[in-house]
2 protein chains.
Amino acid sequence: MTRRRADQIADSIEEMIFTGQLSDGDRLDEIRLATRFDVSRTPVREALQRLVASGLAVQMPRRGVFVRQPGPVELVEMFETMAEIEGVCARLAATRISDEALEELRQANLRCHDAIASDDSDGYYRENEIFHQIIYRQAGNGFLEQQALALQHRLKPYRRIQLRLRGRMSQSMAEHEAIVAALTDGDADGAAGAIRDHVAVQGEKFRHLMAHLKTPAQAPRQAGPVSGIR
Amino acid sequence: MTRRRADQIADSIEEMIFTGQLSDGDRLDEIRLATRFDVSRTPVREALQRLVASGLAVQMPRRGVFVRQPGPVELVEMFETMAEIEGVCARLAATRISDEALEELRQANLRCHDAIASDDSDGYYRENEIFHQIIYRQAGNGFLEQQALALQHRLKPYRRIQLRLRGRMSQSMAEHEAIVAALTDGDADGAAGAIRDHVAVQGEKFRHLMAHLKTPAQAPRQAGPVSGIR
DNA sequence: AAGGCATTTCTTGTATACAAAATGGTTGAC
DNA sequence: GTCAACCATTTTGTATACAAGAAATGCCTT
């Protein structure tokens with residue numbers, strides 16, 4: 001699978017948005033990006049279209065493409081949606097999951113545990129992601145799985161932050177174990193409720209962090225076309 | 001909002017895919033499409049990218065873009081996902097819906113009823129869509145609403161078919177009323193279950209139709225690059 | 001005659017050139 | 001001094017030109 005230039009550029013810009021090098025309202029200047037990546041405008045435009053399609057940017061015809069960071073309200077909505085979708089996955093998985101997958105879940109949990117023990121935040125994050133992805137897959141619905149993966153990817157940068165909270169990792173672990181227990185019992189509603197709360201609490205924690213860490217003075221949604229690339 | 005040429009082309013091609021003028025595996029020839037729409041390759045390429053992003057086509061680097069009609073398995077998965085997402089919307093809406101929206105639902109149902117009385121399949125289809133969209137909105141989560149709308153749009157051509165089944169419209173009506181009743185009572189689980197079954201049965205009916213109407217001999221997924229545009 | 005290799009042709013991906021629209025600044029009128 | 005209209009500049013959207021990789025064709029060998 002040969003990767004096209006435009007795809008790499010899209011990933012790079014996405015990374016820049018995730019890491020905050022580009023913030024909400026910044027105009028994505030085609031020419032500037034083109035010189036930056038040492039290509040012509042064409043692949044840059046294709047990359048921008050991909051970002052627009054995935055919701056990371058918005059396009060105003062004849063005006064340009066602008067970074068579109070979700071505000072607090074939308075973030076809460078996205079986390080709620082994630083929680084509900086994961087709930088659906090768990091409910092379906094409860095009746096469809098294989099014994100092997102259950103075992104994989106327990107293994108992933110063990111590795112999560114190890115990561116906590118060695119205070120390995122990155123490691124925990126990675127294994128936690130795998131844990132959830134196993135559940136998506138065990139819902140036995142490839143389309144749903146893709147939707148869940150897409151949303152998980154989109155929320156990645158925001159999920160990461162709240163892991164730093166004191167005790168959050170071990171609390172999260174306990175919730176994982178409750179989820180596995182419900183899935184083992186084939187308790188559809190129990191599993192759905194458990195994972196729903198598990199994800200919802202992430203959103204809640206994140207919301208708290210946002211409110212405390214920085215009060216971005218409710219940055220104007222319709223920010224002016226100020227380029228953030230220097 | 002000025003519409004760009006590329007967007008119009010994307011919609012046109014989407015329409016061609018929906019109406020079957022383009023079928024699974026057909027290669028979307030840039031030059032042919034460009035001459036057909038009397039534009040250069042550039043806007044055509046942008047349109048194709050949009051189709052790829054929305055899942056209606058797949059791109060094989062350096063090879064081209066091909067129509068990607070979901071097969072029976074994926075369709076079942078998509079309907080199941082739609083049923084679950086609508087279930088989520090209903091469950092959230094049960095505690096959030098306004099009295100005005102409840103009244104709108106009843107009105108939409110009345111119009112559905114009229115459409116059945118006058119044997120107006122198109123009218124029923126339209127009002128039915130509105131009914132569901134009200135529920136999406138009343139979930140009180142704009143992000144979730146967008147997801148639901150996107151999936152509803154994607155399943156449009158397949159939902160339409162099964163309405164032709166004898167008695168399907170009146171059965172569907174009855175289900176609608178059960179949903180409204182549950183929402184009125186604030187019965188979250190009841191509403192979720194009702195609409196989930198309501199949508200799931202659509203998928204089921206569709207599956208039956210597929211199996212009976214035409215057995216397309218399981219068209220090869222990796223169809224050759226034969227252009228379907230004459 | 002069949003199979004493999006080289007060449008040719010065709011298509012995608014990228015760069016550049018051009019057109020049209022929007023922004024910004026300047027000038028002029030009131 | 002302020003507001004509006006006009007012009008210049010910048011930027012998007014589209015067309016065309018060019019490069020590189022893939023498929024197709026034909027030739028040569030066995």
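Just so it is clear: chains get the letters A, B, ... in the order the sequence lines come, proteins before strands, and each one is counted from 1.
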To the nearest Å, how far apart are Gln49(A) CD and dG13(C) P? 14 Å
For every nucleotide of nucleotides 5-12 of chain C, 5' to 3': is a protein heavy atom under 4.0 Å from its base (B), only from its sugar-phosphate (S), or from neither (-)? ------SB
Flag yes if more than 12 heavy atoms outside Arg137(B) fall under 6.0 Å of its CZ atom; otherwise flag no. no
Verify whether one side chain among Gln152(B) and Gln133(B) offers a donor that lies under 3.5 Å from an acceptor in the other. yes
Could you give the CD-to-C1' distance, from Glu46(A) to dT12(D), as a whole number of Å? 16 Å
Minimum heavy-atom separation for Gln162(A) to Leu209(A), with atom names? CA-CD1, 3.6 Å
Under 4.0 Å from OP1 or OP2 of dT14(C): is there any side-chain N or O of Thr42(A) that close? no
Using distance alone, with no hydrogens and no angle criterion, decide if His153(B) and Glu14(B) have a side-chain donor and acceptor under 3.5 Å apart. yes
Residue pair Leu144(B) / Ala139(B): nearest heavy atoms and the distance that separates them: CD2-CB, 4.2 Å
